[in-house]
Amino acid sequence: MANGTVKRIAINTGGGDAPGLNAVIRAATIAAINRGWEVFGIRDGYNGLFLPEQYPDGGLVPLTRKSVRGITHLGGTILGTTNKGNPLKYPTKGPDGKMFEKDRSDEIMTAFRKNEIDALIAVGGDGSLSIAKVFGDKGLRVVGVPKTIDNDLDKTVITFGFDTAVSFATSCIDRLHSTAEAHQRVMVVEVMGRYAGWIALESGVSGTADVILIPEIPYDLAKVAEKLEQRITSGAKFSIVVVAEGAKPKGGTYSVLSKELGRAERLGGAGERVAKDIQDLTGKETRCVVLGHLLRGGSPTTFDRLISLRFGAAAVRALDEGKSGIMVALDPPTVRYVPLEEATNRMKVVPLTSDIMLTARDLGISFGD
Ligand code: F6P
């Protein structure tokens, strides 16, 4: 079904990068060009549109078959991204010299109109898609594509980037087994994921961790120590503990590295805290490894490439069908459309009665509860 009114679309990538971004850009660009549309990429989130002084070569770059050639397997994003300077809360110096958060969305709407952009494909996580929704509310046609290694977006079975992050975390946990055993140590592995435990849970179960600490279950260190003692009694002199960066002790809070205007707080330190507490409580030599941004790097897995290509093409089909204010979502075996509002309304956390949780419990993995 052709939609005669779409002629020029823009694509942007916002928030933390995730493997698969370039595959989405390629699929959306080619699918749009095949419909006779012009395609532009916005540099660095929305910065290319509302901070033109920073982009002397142009903040809006034409995307052609040539510019998206050979990028499906590349990590990062050819457009650049940012997770600071949210345009709805842009850090700005007031006349009194004090910093405040300014809404600059109208400037971006003006730039869309000036460049005759009919529609936006916004590729992002909850933060970026909430920003995109505002442009939709202001009259721009908007389709979202769910991206994040954290897998915490609601209304889609999975976000792209997650599979690559989990696969890498699992192979890191695999590698830690031999050194943990050789030294008879406890190895603590901290993984990203913000306030959801998906990466920790799925890599921990797949990597056969002994303890997994996730934000959804505040942990009790005494229970963790109990599990480690049981391991020793059963003859296993080493243990692997996977800690989500958002994990928190019972009655306590998660570890925050920093808070800045115009951006989400940075988490970090959970793994070191757990490692120190384990060593203090059990006397077992304990080491901590933080996987951090390594989880966001590298080439997307086959799963992530395919889902990214499917999402990119589906976003263009949605625009062609006259849809707006929606996000493409995986609902196996198909990709469907869900209202952007529903997708960004609440965070998708690990359901405690899910089959993966039950499997972990059946395998004797401790969650510190
Ligand atoms: O949302 C993706 C993510 O990698 C989170 O898992 C993590 O907390 C955050 O981004 C890190 O952000 P930054 O790149 O600003 O350190």
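Start at 1 and go down the list; that is how both ligands and their atoms are numbered. All values reported here derive from a predicted model rather than from experimental measurement.
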Run the numbers for me: atoms of ligand 1, each under 4.0 Å from some heavy atom of [X], listed by number.
X	answer
His293	13 (P), 14 (O), 16 (O)
Arg263	15 (O)
Glu245	5 (C), 6 (O), 7 (C), 8 (O)
Asn83	12 (O), 13 (P), 14 (O), 15 (O)
Gly193	6 (O)

Subject >> Lys/Arg N to Asp/Glu carboxylate O, Asp369 vs Arg361, below 4.0 Å >> reply: yes
Between [X] and [Y], does any side-chain donor sit less than 3.5 Å from a side-chain acceptor?
X	Y	result
Lys133	Thr344	no
Ser67	Thr64	yes
Asp103	Tyr90	no
Arg141	Thr5	yes

Original post:
Tell me, which protein residue and heavy-atom name are nearest atom 1 (O) of ligand 1, and how many Å apart are they?
Top reply: Asp150 OD2, 2.7 Å
Subject >> Closest protein heavy atom (residue, atom, distance) for atom 9 (C) of ligand 1 >> reply: Arg194 NH2, 3.6 Å
Subject >> Side chain, backbone, both or neither: the part of Leu267 lying under 4.0 Å from ligand 1 by heavy atom >> reply: neither
Original post:
Could a heavy atom of Gly125 be found less than 4.0 Å from some atom of ligand 1?
Top reply: no
Subject >> Option of least heavy-atom distance to atom 11 (C) of ligand 1 (set: Lys84, Arg296, Arg266) >> reply: Arg296
Original post:
Is Gly16 in polar range of ligand 1, meaning some N or O pair under 3.5 Å apart?
Top reply: no
Original post:
Which ring pair (Phe, Tyr, Trp, His ring centres under 6.0 Å) pairs, counting each pair once, include a residue from residues 193-231, with sequence neighbours left out?
Top reply: Tyr195-Tyr254
Original post:
What residues, two or more places apart in sequence or in another chain, satisfy side-chain hydrogen bond (donor to acceptor under 3.5 Å, both in side chains) together with Asp17?
Top reply: Arg296
Original post:
Any idea which heavy atoms bring Lys155 and Arg336 closest together, and the distance?
Top reply: O-NH2, 4.0 Å
